[in-house]
Amino acid sequence: MLRLAAPLVALALVLPVAGSVPAASASESHPTNAAKIYRWGHASVKDEFKAPLSRSWRVNKRSLVRNQHGMLTLDSTRRSGTVSATLTGKARQYGRWEARVRGRQYGKGGTPFRAVWELAPTKQEHCGARGIVLSDYALGGSTARMHLRNLPNADFTAGKRLRLSRNEFHTYAIEVTRKRISWFVDTRVVRTERRAAARTGAAYNIRFRLLATKGKHMRQGRMQMDWVRYYSLERPNAKSIQAPQTQRKTYAGAC
């Protein structure tokens, strides 16, 4: 009887307990997207970039924009100028948009490109004066900024210090309702803006840009998106979206 005890104990350690639930995966226990934390439901518009780039994406330099290893990739050269990709035919006025983004620069010398993840109005952009910027940072920098811009020249803005120089992904989201706009970074609400002057009422297209500085010698860079998604406002937030308001400034680029 003593000889049988050890095998039986070992068997008990290997077999799962009846009715037990398997441990959650790392992505489930530590989600990287606000949609999971705030329970926005299923995305009604999404691109995981697993297949060749859809024709719904309008790009300005086709040789520098592609799907690479499951990521939308925007490459730039010293002389390429701004490189952009815009998702057309999926415009929305209200809702929640989210994307997982990273940027990297190469070589030495020159002005860094800026990695910009934004919502561009479908009509009358006014040189960016009616858009929403979810993240804007110089490649190699340390602060991502958001902007809520409206005519004639209002710029409601905030910044978030992040590790941006090591090719690391960060997830940025925006929630636009009729009464407020909330900004999320890496699953946490960072700002909630309720002032009417920050809301344009426009319908928006998703856009990613590697933005060159006019007249400057640029430094080669890259911007990659792991995925991008849109969620409706059908489900209420599972957590509070209370956060400080943005800082109101003047947008000099309006036209």
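These numbers come from the heavy atoms of this one structure, side chains and all, not from hydrogens, waters or symmetry mates. Keep in mind that this is a model prediction, so the values were computed, not measured.
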Find the distance between [atom1] ([X]) and [atom2] ([Y]) and round it off to the nearest 0.5 Å.
X    : Y    : atom1 : atom2 : answer
T88  : W57  : OG1   : CH2   : 9.0 Å
T192 : I181 : OG1   : CD1   : 10.0 Å
H126 : L151 : NE2   : CG    : 5.0 Å
L53  : R55  : CG    : CZ    : 11.5 Å
T246 : E193 : OG1   : CD    : 3.5 Å
R96  : S232 : CZ    : OG    : 7.0 Å

I'd like to know if [X] pairs up with [Y] as an ion pair, taking the criterion as any Lys NZ or Arg NE/NH1/NH2 lying under 4.0 Å from an Asp or Glu carboxylate oxygen.
X    : Y    : result
D136 : R114 : yes
D75  : R66  : yes
R229 : E98  : no
E125 : R207 : yes

request  = Check Y38, Y172, Y231 against F184 for a ring pair (Phe, Tyr, Trp, His ring centres under 6.0 Å) and give me the one that passes.
outcome  = Y38

For the hydrophobic clusters of this structure (ILVMFWY residues joined by side-chain heavy atoms under 4.5 Å, transitively), does one cluster hold both [X] and [Y]?
X    : Y    : value
L211 : M146 : no
V116 : L74  : no
M71  : I206 : no
F169 : L162 : no
Y137 : F208 : yes

Test item: [X] and [Y] side chains (from C-beta on) under 4.5 Å apart, heavy atoms:
X    : Y    : answer
F113 : M218 : yes
L72  : V65  : yes
R222 : S76  : no
T157 : Y251 : no
K90  : Y230 : no

query = What are the two closest non-hydrogen atoms of S84 and R209, and how far apart are they?
reply = CB-CG, 3.5 Å

request  = Please report the shortest heavy-atom distance between V176 and Q93, naming the atom on each side.
outcome  =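 In terms of heavy atoms, the two residues are closest at CG1-O, 4.0 Å.
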
Does [Y] offer a backbone N or O that forms a donor-acceptor pair with the side chain of [X] under 3.5 Å?
X    : Y    : result
R78  : H217 : no
R219 : Y106 : yes
T200 : N150 : no
D186 : T171 : yes
D47  : F49  : yes
R130 : K123 : yes
K61  : S80  : yes
W183 : L134 : yes
N60  : T82  : yes
E168 : R102 : no

query = Would you say R58 has more than 12 foreign heavy atoms packed within less than 6.0 Å of its CZ?
reply = no

task = Give the C-alpha distance, both sets of side-chain angles, the deciding distance and a yes or no for side chain to side chain donor-acceptor pair (under 3.5 Å) between T143 and R145.
result = CA-CA 6 Å; T143 300; R145 297 204 65 84; over 6 Å; no

request  = Could you tell me whether the side chains of N33 and W227 share a donor-acceptor contact shorter than 3.5 Å?
outcome  = no

key: Donor + acceptor pair across side chains of Q224, T73 (<3.5 Å)   =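 Looking only at side-chain atoms, T73 and Q224 do form a donor-acceptor pair, the distance falling under 3.5 Å.
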
query = Centre of F156's six-membered ring, under 6.0 Å away, within 45 degrees of the axis: is that where NZ or CZ of R195 sits?
reply =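 Geometry flag: not set, cation outside 6.0 Å or 45°.
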
